[in-house]
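Here is the naming used below: chain letters follow the sequence lines, and residue numbers restart at 1 for every chain.
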Number of protein chains: 2
Amino acid sequence: MKRPTIADIARRAGVSKGAVSYALNGQPGVSEATRQRIVAIAQEIGFNPNSAARALSGASARAVGLTLCRPARILSIEPFFMGLISGFEAELAARSYALTLQVVSTPEQEVEVYRRWWGERRIDGVIVTDLRENDVRIPVLQQLQLPAVVIGGPGDTGKIAQVWSDDAGAITETVRYLVALGHRRIARVGGLPDLLHTRTRTRAFEDVCTSLGLNEAVTMPSDYTGEEGGRATRRLLIGADRPTAIIYDNDVMAIAGLAVAQEMGLAVPGDLSIVAWDDSPLCSLVHPPLTALSRDIAEYGAHAARELLAAIDGKQVGNVEAGTAHLTPRGSTAPPR
Amino acid sequence: MKRPTIADIARRAGVSKGAVSYALNGQPGVSEATRQRIVAIAQEIGFNPNSAARALSGASARAVGLTLCRPARILSIEPFFMGLISGFEAELAARSYALTLQVVSTPEQEVEVYRRWWGERRIDGVIVTDLRENDVRIPVLQQLQLPAVVIGGPGDTGKIAQVWSDDAGAITETVRYLVALGHRRIARVGGLPDLLHTRTRTRAFEDVCTSLGLNEAVTMPSDYTGEEGGRATRRLLIGADRPTAIIYDNDVMAIAGLAVAQEMGLAVPGDLSIVAWDDSPLCSLVHPPLTALSRDIAEYGAHAARELLAAIDGKQVGNVEAGTAHLTPRGSTAPPR
DNA sequence: AGAATTCACTGAACCGGATAAGTTGACGAG
DNA sequence: CTCGTCAACTTATCCGGTTCAGTGAATTCT
């Protein structure tokens with residue numbers, strides 16, 4: 001089947017290619033009657049502008065890029081990224097932008113992908129996740145002047161827009177809640193230590209523990225996998241002064257932690273309270289259902305997409321807070337016995 | 001920053017645009033010495049061919065499309081699709097094809113997306129998941145002559161390539177195993193009833209139960225969500241003749257089913273054995289760990305991507321079996337008490 | 001030696017849109 | 001009645017690659 005082009009439309013409408021282009025793009029230069037005739041013909045023959053031709057002459061490729069930097073086995077189980085993608089899509093599809101995805105394994109590879117995409121003019125902008133301290137991607141994006149929105153801050157991204165959630169506030173609220181229940185020994189199983197939001201959480205955790213007079217604020221670093229989360233939990237629970245409550249940086253690790261507690265004969269929440277960060281349907285499925293820090297991840301993603309589209313349109317965008325988590329108490333938290 | 005073009009390279013090398021194109025694409029028409037000089041210059045200035053220009057003149061857009069047709073809340077929690085995507089990516093990235101993603105909510109929308117992508121010449125081929133009976137997408141893809149690979153069969157897809165796993169064999173093996181353990185009342189919580197592979201599983205389940213002389217083979221339809229899976233489990237377990245084993249069409253529903261059993265005071269595996277289809281790390285995390293039908297989903301996806309790339313290259317591709325699930329016994333199955 | 005072939009490369013057309021610059025014809029003002 | 005203005009187009013050029021039809025020189029063949 002041959003794809004229809006504006007030349008086909010022009011022929012059928014008895015006008016020039018230029019007129020068709022003006023008509024379909026809502027530009028001035030054609031009469032309303034002609035415009036409607038052209039639009040009707042385009043509809044009828046099912047015309048879609050060739051994105052390559054459009055990208056070649058005009059500016060926009062009408063596509064944005066997203067790289068995912070996690071091993072496959074984590075990607076598949078972590079609900080976070082899929083939620084984010086769903087959110088992006090809702091916004092992008094509404095403005096008929098395409099989403100181009102690439103899975104990488106290191107930030108350096110990610111930089112390579114950005115450079116290639118930019119060189120290929122394949123995308124108009126990127127969404128950057130997992131901000132790190134002194135992130136190598138930031139200077140490259142600035143140098144390429146590639147519109148971008150960074151998720152995972154707040155951090156130092158120069159003029160690049162950010163969408164972030166107030167993790168420090170969320171963890172402070174959580175610790176206060178646990179202390180109010182009577183807990184004094186609270187530990188945390190953290191995410192990848194390199195990520196900026198992990199550091200933010202760790203610092204906030206330490207600060208609030210200090211200010212509430214808790215003697216120590218142990219954070220076991222981990223990598224978001226259930227395996228590691230379970231291992232970290234085991235290490236926390238075999239100590240003499242084992243914690244009575246643990247906060248996990250994602251839901252998968254929290255579920256693994258729950259399994260470890262049960263395996264060690266500890267009652268949840270009687271002997272151990274558990275809080276999961278990021279609420280997915282999984283948290284309500286296990287027994288007891290997990291108290292979680294819920295946030296609307298899809299909306300978070302949608303917000304980022306809106307900011308990115310604004311940046312691509314040349315609007316000035318800055319630093320936006322969105323999708324801060326709030327505590328959803330369920331059966332996994334209670335006063336310590 | 002200005003993007004380098006072949007004209008820039010041509011100028012620096014003192015040759016014509018055409019020569020550069022031949023050199024970089026490994027075409028004959030330039031001497032080896034010149035080719036190396038040109039390649040070196042391209043490397044040095046970090047040249048990437050403009051994908052739009054390439055797609056416009058040549059044939060290939062060097063991109064393939066994937067649509068995901070599930071509500072956001074299922075997508076985020078279902079490890080299957082992310083596993084599939086990881087697998088695709090591994091193959092696509094190796095041949096520097098991009099993956100374009102679109103989330104839709106109905107097969108009709110999916111058809112629209114295919115038409116648009118085709119018209120825009122945005123992609124060279126698509127991967128089609130969730131094959132249905134009399135699938136509306138198949139005739140459209142044939143009409144557009146859009147290279148495609150279908151996952152979720154086997155089914156009738158005409159000349160379009162398929163990659164499928166032997167679900168019938170897997171469920172037969174599972175039922176035989178449960179029967180060998182001593183189970184006589186085996187039920188199943190199925191996936192979306194419209195999907196062809198759900199039907200395949202249901203029919204195979206019924207067949208094997210009949211051939212083994214089990215009186216009934218109840219399949220409760222569901223939608224892959226934990227909620228529905230839990231509900232279906234509850235309905236199965238409140239009956240007088242409650243099953244002693246349940247097979248779930250995905251891992252999320254199996255975990256939900258486990259929670260329901262525990263909530264109802266049934267011991268797993270003592271009172272109820274549970275088998276999950278598709279093994280994710282989640283299955284090993286819960287307590288007891290779930291016996292599962294494991295398959296390498298990423299490899300399944302990689303296989304599909306390879307077939308698609310072959311189809312795009314104009315090679316004849318047919319009907320390939322890949323990634324059939326095999327039973328991985330864990331703690332959730334045992335002889336009935 | 002002269003013709004034929006091969007090699008290495010150039011120049012120009014082309015893909016399908018966007019868009020700046022030029023060309024009509026109608027209309028209103030002076 | 002003529003000039004200027006404006007709407008409604010057309011024409012031509014450009015984007016950055018690919019590719020085909022030359023072209024001149026070197027090599028091979030007879």
Atom pair CD (B/E112) and OG1 (B/T67), whose distance is rounded to the nearest 0.5 Å: 12.5 Å
Pairwise distance CZ(B/F88) to CD1(B/I127) - rounded to 0.5 angstrom: 3.5 Å
Please state whether the phosphate of [N], meaning OP1 or OP2, lies under 4.0 angstrom from any side-chain nitrogen or oxygen of [X].
X	N	answer
B/R54	D/dG16	no
A/S57	D/dC14	no
B/N50	D/dC15	no

Counterpart residues, salt bridge (charged side-chain N to carboxylate O under 4.0 Å, His left out), relative to A/E91 (two or more places apart): A/R306
Residues forming a salt bridge (charged side-chain N to carboxylate O under 4.0 Å, His left out) with A/R122, sequence neighbours excluded: A/E120
Any non-hydrogen side-chain atom of [X] less than 4.5 Å from a side-chain atom of [Y]?
X	Y	result
A/R70	A/D130	yes
B/E307	B/V149	yes
B/L92	B/R62	no
B/I85	A/L68	no
B/Y300	B/S165	yes

Over how many whole Å does the gap from [X] atom [atom1] to [N] atom [atom2] extend?
X	N	atom1	atom2	result
A/R122	D/dC15	CZ	C1'	17 Å
B/I6	C/dG11	CD1	P	14 Å
B/E120	C/dG17	CD	P	11 Å
B/L56	C/dC14	CG	P	14 Å
B/Q27	C/dC9	CD	P	15 Å
B/K17	D/dA21	NZ	C1'	16 Å

Is there any protein nitrogen or oxygen under 3.5 Å from a nitrogen or oxygen in nucleotides 5-9 of chain D, and what are the pairs?
from  : atom 1 : to    : atom 2 : distance (Å)
D/dC9 : OP2    : A/S31 : N      : 3.0
D/dC9 : OP2    : A/S31 : OG     : 2.7
D/dC9 : OP2    : A/T34 : OG1    : 2.7

Bend angle of the helix from C/dA1-D/dT30 to C/dG30-D/dC1, from helix axes over five pairs at each end, nearest 10°: 50°
Side-chain H-bond candidate by donor/acceptor type, A/S51 with B/R121, under 3.5 Å: no
Output a table of donor-acceptor pairs, distance under 3.5 Å, between side-chain atoms of residues 33-40 of chain B and any protein atom two or more places apart or on a different chain; print 'none' if there are none.
from  : atom 1 : to    : atom 2 : distance (Å)
B/T34 : OG1    : B/S31 : OG     : 2.7
B/R35 : NH1    : B/A23 : O      : 3.1
B/R35 : NH2    : B/Q27 : O      : 2.9
B/R37 : NH1    : B/A13 : O      : 2.7

Positions of residues 38-47 of chain A (non-hydrogen atom under 4.0 Å from DNA chain C), listed by number: A/F47
